[in-house]
Peer 1: 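Could you have a look at this structure, given as structure tokens, before my questions?
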Protein chains: 2
Amino acid sequence: MDKPELLLENQLCFPIYSVSRLITQAYQPYLEPLGLTYPQYLVMLVLWENDGVSINHITRKLLLNTNTVSPLLKRMESQSLLQRKRSEQDERTVIIELTKKGSALKNEAAEIPHNLLAAVSSENMSAEEVNQLKNTLCKWMDALSKPKQ
Amino acid sequence: MDKPELLLENQLCFPIYSVSRLITQAYQPYLEPLGLTYPQYLVMLVLWENDGVSINHITRKLLLNTNTVSPLLKRMESQSLLQRKRSEQDERTVIIELTKKGSALKNEAAEIPHNLLAAVSSENMSAEEVNQLKNTLCKWMDALSKPKQ
DNA sequence: TACAATTATATCGTGTACGATACAAATGTA
DNA sequence: TACATTTGTATCGTACACGATATAATTGTA
């Protein structure tokens, strides 16, 4: 076999891509009772932290584009998780506010991070290794999400 | 702010999800000239390593389901990258074979891993840290992809 | 103050992902 | 050898992602 650099097992990208999908799958049993998908859960994390923000704020926080977030919020609105209304200062801006139902979900979600970590952690990964992983990925995420000059 | 465990910045899942997307985006300028998407590139990696394999082989290698891979291969067949034919030993099995065009693409792809690493590596990440990251993620991928008993 | 440039959001089209389901071929078993 | 089970693949429906494009509101500037 020539070109060992093209072997699947020599790629860094593939484990990232796979682990990302596998973790999303691992969330499902915990999110399904709340009626949330994983991207919807991320939106809720942003709103639980700061309610009444613009769509733009959400796209910046999640590093997603408006053409992903806009329909996502629409689906969540139709589930009565949130409301959209125009800002009075700037008519272009849409402000997203949680409904009572959306706010109340926070308490039900409180256990998820703990439960998920337990679900996806493996015996041969120490807490320190997990922490190291998070640091490296965050550093990388910041570097990759910086506008290229 | 109560429930700090629900802060976006305290999640491990989010940087994985984001880095995965950002890397896929980083591939695009290199894959677009070859007419490949990122998942299609992964399929090509499998086929360049072992041509003439079953669809099942590809799904196991990429940890994807048939309902993702089947249409993916159809799109690639319509681009004349590969051909599908029934196995003679087992009529259920579909064998995927690269076309000349598909095989020839391997040489054009040879530079991609090197170029991509250069494109996504940041100054504050050492080669050792990248290697450590790959090892941790591979270990985790293996653990997560194991059937749960 | 006209008007070009920018900003915030929405829409369209294509390509994944994936749960659920279907179905034919092969295999195991009474 | 009938027949239940398993295996390999395909199809359907829904929900992202994202490039490209559109549009209205705001801002910058001559």
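Note that the coordinates shown come from a computational prediction; the quantities given were computed from them, not determined experimentally. Here is the naming used below: chain letters follow the sequence lines, and residue numbers restart at 1 for every chain.
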Peer 1: Testing the basics here: between B/Pro4 and B/Asn10, what is the closest heavy-atom pair and its distance to 0.1 Å?
Peer 2: O-ND2, 2.7 Å
Peer 1: What integer distance in Å separates B/Leu62:CG from C/dT16:P?
Peer 2: 12 Å
Peer 1: Nearest-Å distance, CG (B/Leu36) to P (C/dT16)?
Peer 2: 10 Å
Peer 1: Whole-Å distance between D/dC18 C1' and A/Leu63 CG?
Peer 2: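 Atom-to-atom, A/Leu63 to D/dC18, this comes out as 14 Å.
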Peer 1: Could you state the CD-C1' distance from A/Gln28 to C/dA17, rounded to the nearest angstrom?
Peer 2: 11 Å
Peer 1: Could you state the CD-C1' distance from A/Glu32 to C/dA20, rounded to the nearest angstrom?
Peer 2: 14 Å
Peer 1: Base contacts versus sugar-phosphate-only contacts with protein, heavy atoms under 4.0 Å: please encode nucleotides 6-16 of chain D as B, S and - from 5' to 3'.
Peer 2: -BSBBBB--SS
Peer 1: Rounded to whole Å, please give me the gap between CG in A/Asn65 and P in C/dG15.
Peer 2: 19 Å
Peer 1: Should the heavy atoms of other residues, nucleotides or ligands under 6.0 Å from NZ of B/Lys85 be counted, would the total exceed 12?
Peer 2: no
Peer 1: Send over the distance from B/Ile58 CD1 to C/dT16 P, rounded to a whole Å.
Peer 2: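 Taking CD1 of B/Ile58 and P of C/dT16, I get 13 Å after rounding.
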Peer 1: Counting only N and O atoms by type, is there a donor-acceptor contact under 3.5 Å from the side chain of B/Gln11 to the main-chain atoms of B/Glu5?
Peer 2: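 Side chain of B/Gln11 to backbone of B/Glu5, a donor-acceptor pair under 3.5 Å: yes, one is there.
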Peer 1: What contact category does A/Gln89 fall into here, base, sugar-phosphate, or nothing, at under 4.0 angstrom with non-hydrogen atoms?
Peer 2: sugar-phosphate
Peer 1: Look at the aromatic rings of B/Tyr27 and B/Tyr41 and report parallel, tilted or perpendicular, splitting at 30° and 60°.
Peer 2: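 Plane angle between 30° and 60°, so tilted.
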Peer 1: Is it the case that over 12 heavy atoms from other parts of the model lie below 6.0 angstrom from the CD atom of B/Gln83?
Peer 2: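 Atom CD in B/Gln83 is not packed in, count stays at 12 or less.
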Peer 1: Angle between ring planes, B/Tyr17 versus A/Tyr38, binned at 30° and 60°: parallel, tilted or perpendicular?
Peer 2: perpendicular
